[in-house]
S.K.: 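The structure that follows is given in the form of structure tokens.
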Amino acid sequence: MPTLLRVKCWINCLLNTKMIRLLRYYLPYKRLLTLAIVCNMLMSIFVVVSIPALLPFLQILFSGAGDGVTPTQPLPHKSGFQNQLDLFFEQLLLNHGREGALLIVCSFLVFAFLGKNLFRYLSLYFLAPVRNGVVRDLRQKMLQKMLDLPLSFFSEERKGDLMSRFAADVQEIEWSIMGVMEALVREPIVISGSLAYMLWVGPSLTGFVFVLLLFSGVIIGSIGKTLRKQSGEAQSRLGTVMSLVEETLGGLRILKGFNAEKWQSERFGKENDSYAHTITRLSRRRDLASPLSEFLGISVASVLLWFGAKQVFAGEITGPTFITFLYAFYSITEPAKAFSAATYSIRKGLGALERVEAILDAPLAIRDADNAFEITEFKDKIEFRNVSFQYANAERGALENIQLEIPKGKIVALVGASGAGKSTMADLLPRFYDPSEGQIILDGKNIRDLRMKDLRALMGIVSQEAILFNDTVRNNIAFSTDDASASEVEAAAKAANAHEFIINLPEGYDTNIGDRGSKLSGGQRQRLTIARALLKNPPILILDEATSALDSESEKLVQAALERLLENRTALVIAHRLSTVQHANEIIVLDGGRIVERGTHDSLMQLSGYYRKLVDLQAIG
Ligand code: ATP
């Protein structure tokens, strides 16, 4: 009902650049959207024409026309059009009599409402693919962007929050698409048509209605404002709750193993409570809106009835005209309510769009340089030249002044205590992060100047934790190698000592391995990731050795597979078990982000320094 306020808010919304950004997503659906808009317009027109049609009906009903009484009472505001209308109905009465004319007028009403509802359905029919299409595009874009964004982006974000943007925020945007359609096309036509009619038959009455609406608008508007603020807060709390659900699912094994269910349940309970609290406050306010608006509506209608009836008594307007005026007024209140709901959902949608666009517009800190070089093979060596690195928001650097050369065909091992910077060093090579200072040179070229896709194509990564996807064994091995044949996949699996266990699975290579490979043992998972790297057959290998202990049988199988993987390759190996690095060409000992010792196993043992201490510690362990 707070029409004026809503109109103001709507104009603000429209001028808002965010609104224009939202409309940008509709562009690919121009045709469907145009059809929906046309149908909406036609629907509104049917609503508007049904209003004056009521007048002759009432006039016939109350005037006793057709029984020799004057068919229509003269109206105070006669216009050419009104005269035409009167004439038309007089003719109708003469030709068909009172009952016949009533029937025709009623049939017209039925026809008007049939038209209205037919076009209402058609507009929704055309709008459905637009709504779902925009939402699908947004989801797709978001996922693509997540794949493109550097890893550093994700260490700053909560996973659950990102997921709630995928689900809840995108849903809000979908609702706001409906809102835009209603607020932009349908309701303005109905409202302005009804208003025009009201102004035409009773200008002073209309002025009076305006004052009343303004008054109730101010009251309802103030509720709407806090509603919006609280809904933003609720959305972000939901993100935290989702984060905890995600964390619980991911950490079930440890939570159960450490009997920490209560601990996690309490953490979740705290967040869940405060979300429920926010939502309760929100619902109370929202629930207030409807009773309040009904009460205000009835109050406005009663005052209007009183004021209008006085005008009828004074002979300023006729009874039927007043009733038609009331009908027009009613025709405004419903769209005005819908309009107000629509602007509310547009605002919420714009808020949601902001959260979605925070991802879509996040800067790609790591991307290809303009005119990046193509590279198809690795010929000579990789060099770390004075490389230092500091994580964003970290107090101290993770790597300092690293000098290192990895010649083709050699294996360089990184060892050091936990937190020494080994993984960070390995992450710089495929450009998961860029060095803060210094350069990494591959065959004489800074890797920042190479095409990232080419650079990564040269590398295979076997991570500490076996990263597997909820898919078949075959797809998990072959996902980065599009054109791998079945026999190539099998050969890789054989070389990784995985073929034996795979063929014993219920559906062999087509067995689904469950979420993150949960249907396989630790050693089996590792061998699958090794098979994946063998199939890709990259010249450079980054191997983050798994720390989880395997039984000796499994360990032997994994070890043999790794040795096969390292054959004739250039490799950077993060070694946790020092027994595995003895054959490395060079061992780099890191401590606090610096290289403290380097050399072969034998030379470092002789040095009796840091490395030897590590070896002795492990021997005792
Ligand atoms: P581990 O053997 O335990 O895996 P590591 O030697 O691989 O350890 P890194 O993971 O490279 O160590 O970490 C080096 C330092 O950088 C540590 O002090 C760590 O706390 C810090 N660090 C790692 N990742 C981040 C991050 N995303 N943001 C901020 N600091 C980080």
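Whatever order the structure lists them in is the order used to number ligands and atoms, beginning at 1.
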S.K.: Does any pair with a residue in residues 399-435 pass ring-ring contact (aromatic ring centres under 6.0 Å, His included), and if so which ones, sequence neighbours excluded?
M.R.: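 Those involving residues 399-435 are F389-Y433, Y391-Y433.
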S.K.: Give a yes-or-no answer on whether the side chains of Q264 and T248 include a donor-acceptor pair shorter than 3.5 Å.
M.R.: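 There is such a pair (donor and acceptor under 3.5 Å, judged by atom type) between the side chains of Q264 and T248.
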S.K.: Determine, for K145 against D361, whether the closest basic-nitrogen to carboxylate-oxygen distance falls under 4.0 angstrom.
M.R.: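 A salt bridge is absent here (no side-chain N lies under 4.0 Å from a carboxylate O).
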S.K.: So if I only count non-hydrogen atoms and take anything under 4.0 Å from ligand 1, which residues does that give, chain by chain?
M.R.: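 For ligand 1, the contacting residues are S155, Y391, A398, A417, S418, G419, A420, G421, K422, S423, T424, H576.
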S.K.: Quick one: salt bridge (Lys or Arg N to Asp or Glu O under 4.0 Å) pairs with a partner in residues 366-378, sequence neighbours left out?
M.R.: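 Counting only pairs at least two positions apart or across chains, no salt bridge (Lys or Arg N to Asp or Glu O under 4.0 Å) contact touches residues 366-378.
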S.K.: In terms of relative ring orientation, are Y509 and H499 parallel, tilted or perpendicular, with 30° and 60° separating the classes?
M.R.: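 Answer is tilted, since the angle falls between 30° and 60°.
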S.K.: Among residues at least two apart in sequence or on other chains, which ones pass ring-ring contact (aromatic ring centres under 6.0 Å, His included) with F384?
M.R.: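 Per chain and number, F384 pairs via ring-ring contact (aromatic ring centres under 6.0 Å, His included) with no residue.
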